[in-house]
Amino acid sequence: MAGHDHHHGHGHGHGHSHGREEGAHGGGGHHGHDHSVPTNFSRAFAIGIALNLGFVIVEAGYGFAANSVALLADAGHNLSDVLGLAVAWAGAALAARPPSKRFTYGLRGSSILAALLNALLLMVALGAIVLEAVQRFGEPAGVMGPTVAVVAGVGIVVNGVTAWLFASGRKGDINIRGAFLHMAADALVSAGVVVAGLVIWRTGLGWIDPAVSLVIAALIFWQTWGLLRESVEMSLDAVPRGIDFDRVDEALCGLDGVARVHDLHIWPMSTTEPVLTAHLVMPGGVPGDGFLASAKTMLHDRFGIGHATLQVETDGACLGCESGV
């Protein structure tokens with residue numbers, strides 16, 4: 001995180017970057033959902049948590065009534081979904097909090113932490129599914145009754161509907177994608193329980209249940225690994241995916257009067273908002289505020305970077321700058 005020494009030092013280039021707030025909030029056109037929890041996702045979180053909590057209570061009740069360990073285990077697993085949704089909602093809500101003197105960027109990084117925690121929760125759930133499946137190979141479960149298949153069928157609907165509520169936001173925000181994957185993974189698990197239950201009921205082949213569980217686990221792992229990797233990258237302030245560092249460098253170097261660019265840093269402030277700081281060497285001096293405004297508009301329109309702080313230097317001898325990119 002070498003570059004973070006620079007973005008705190010607004011003061012030494014303040015005369016050249018006093019327009020940065022316009023640049024920061026000019027991102028509304030490109031990422032209108034960045035600065036607040038969108039009402040549709042707040043509603044999606046509320047509906048998803050209520051649906052899943054209700055389903056957990058019903059499933060646990062039927063589990064006790066039917067004396068089914070499988071249903072009770074699934075109820076416990078679905079309870080982890082409620083936790084996953086709550087974590088994602090908390091991350092999105094905290095990210096919308098306004099900046100303060102203590103947290104000058106607000107709590108926007110909460111959405112990154114929420115995505116990371118959700119990925120870890122999914123991995124833990126995945127481990128539990130695999131462990132259960134391996135144990136069942138050794139001791140195949142008895143034939144699942146119609147009650148188990150019906151309750152699992154309801155689980156497909158509950159988890160499927162909840163996943164659908166988040167489907168539209170899964171590409172632009174990895175926190176929302178974490179919530180979506182959590183619910184889609186559970187819809188798959190429930191579908192596997194239904195299919196395995198019906199096949200076992202017709203054939204009596206007990207090994208089908210754990211075999212289906214392992215196939216589902218492989219699918220969930222494939223999806224979750226990408227979420228985990230990207231959320232870890234964001235936690236480490238990597239350049240957000242979808243932004244080409246070299247192209248941004250070239251675009252800034254191509255601005256009128258810019259001889260070269262150094263100390264260019266791009267990192268995610270939240271799961272949806274990239275931030276940029278850069279030092280522009282301009283031997284002829286800064287042309288004025290209009291230049292900075294147009295540079296920030298270019299960064300926003302071409303790369304989706306809504307918050308940029310640019311420091312202009314006339315001779316390129318930046319004292320105290322760390323050597324870097």
Side-chain angles (χ1 to χ4, degrees), residues 31 33-34 37-38 40-42 44-45 47-49 52 77-96 107-131 133 155-156 158-192 213-244 266-275 304:
H31 292 291
H33 56 283
D34 288 354
V37 184
N40 59 332
F41 286 126
S42 288
F45 280 122
I47 293 170
I49 288 173
N52 281 272
H77 177 63
N78 280 310
L79 196 57
S80 80
D81 292 339
V82 177
L83 178 62
L85 287 174
V87 164
W89 195 3
L94 286 172
L107 297 174
R108 291 172 185 172
S110 301
S111 57
I112 297 172
L113 293 179
L116 179 59
L117 187 52
N118 235 327
L120 293 173
L121 280 172
L122 268 164
M123 284 296 189
V124 170
L126 198 59
I129 292 170
V130 171
L131 182 64
I156 297 175
V158 170
N159 293 313
V161 167
T162 311
W164 172 76
L165 290 170
F166 296 106
S168 64
R170 73 185 188 279
K171 287 194 167 64
D173 183 345
I174 69 164
N175 185 35
I176 298 298
R177 190 162 101 229
F180 170 79
L181 282 177
H182 220 125
M183 304 320 302
D186 268 16
L188 268 178
V189 171
S190 296
S213 295
L214 288 177
V215 170
I216 291 167
L219 288 171
I220 297 171
F221 177 79
W222 183 64
Q223 289 283 348
T224 305
W225 179 250
L227 175 69
L228 181 62
R229 190 175 58 190
E230 193 170 345
S231 54
V232 166
E233 285 175 2
M234 283 190 160
S235 301
L236 296 173
D237 291 338
V239 175
R241 291 178 179 221
I243 296 178
D244 186 324
I266 309 164
W267 72 99
M269 184 196 304
S270 72
T271 49
T272 56
E273 292 174 279
V275 184

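All values reported here derive from a predicted model rather than from experimental measurement.
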Check your understanding: Quick one: are Leu228 and Leu120 in side-chain contact, heavy atoms under 4.5 Å?
Key -> yes
**Study point:** Verdict with reasoning, Thr271 to Met234, per side-chain contact (heavy atoms from CB on, under 4.5 Å)
**Key:** CA-CA 8 Å; Thr271 49; Met234 283 190 160; 4.2 Å; yes
**Study point:** Straight-line distance of Leu116 CG to Ser111 OG, nearest 0.5 Å
**Key:** 11.5 Å
Check your understanding: About how many Å separate CD1 of Ile112 and CD of Glu230, when rounded to the nearest 0.5 Å?
Key -> 10.0 Å
Exercise for review: Measure the shortest side-chain to side-chain distance between Leu85 and Met183 over non-hydrogen atoms and say whether it is less than 4.5 angstrom.
Suggested key: yes
Revision key, fill the gap. Looking only at heavy atoms, the pair that brings Phe41 and Leu165 closest together is CE2-O, 3.7 Å
Review point. Which atom pair, heavy atoms only, marks the closest approach of Gly91 to Asn175?
Key: C-ND2, 4.2 Å
Revision key, fill the gap. Scanning both residues in full, the closest heavy-atom pair of Pro274 with Pro240 reads CB-CG, 4.0 Å
Practice item. Assign the ring pair Phe45 / Phe166 to parallel, tilted or perpendicular, where the plane angle (0 to 90°) is split at 30° and 60°. Key: tilted
Practice item. In sequence, state the C-alpha distance, the side-chain angles, and the governing distance for Ile47 and Val161, and then conclude on side-chain contact (heavy atoms from CB on, under 4.5 Å). Key: CA-CA 10 Å; Ile47 293 170; Val161 167; 5.6 Å; no
Exercise for review: Give the minimum heavy-atom separation between Trp89 and Ser42, together with the two atoms involved.
Suggested key: CZ2-O, 3.8 Å
**Study point:** Within-4.5 Å side-chain heavy-atom neighbours: Met123 and Thr224
**Key:** yes
Study note, to complete from the structure: Rounded to the nearest 0.5 angstrom, the OG1-CG distance for Thr162 and Asn52 is 4.5 Å
Review point. Going through the checks in order, is the side-chain contact (heavy atoms from CB on, under 4.5 Å) test met by Leu94 and Leu113?
Key: CA-CA 11 Å; Leu94 286 172; Leu113 293 179; over 6 Å; no
Study note, to complete from the structure: Only residue of Val87, Leu122, Leu83, Ile220 satisfying side-chain contact (heavy atoms from CB on, under 4.5 Å) with His182 is Leu122
Check your understanding: Roughly how far apart are Arg229 CZ and Ile174 CD1, rounded to 0.5 Å?
Key -> 11.5 Å
Practice item. Identify the heavy atoms of Leu227 and Gly178 that sit nearest to each other, and give their distance. Key: CD2-CA, 3.6 Å
Point to revise | Heavy-atom side-chain contact between Asn78 and Asn159 under 4.5 Å | key: yes
Review point. So how far is it from Ser231 OG to Leu117 CG, rounded to the nearest 0.5 Å?
Key: 9.5 Å
Point to revise | Contact summary for Asn118 and Ala88, nearest pair of heavy atoms | key: ND2-CB, 3.7 Å
Review point. Going from OG on Ser235 to CD on Glu233, what distance comes out if it is rounded to the nearest 0.5 angstrom?
Key: 10.0 Å
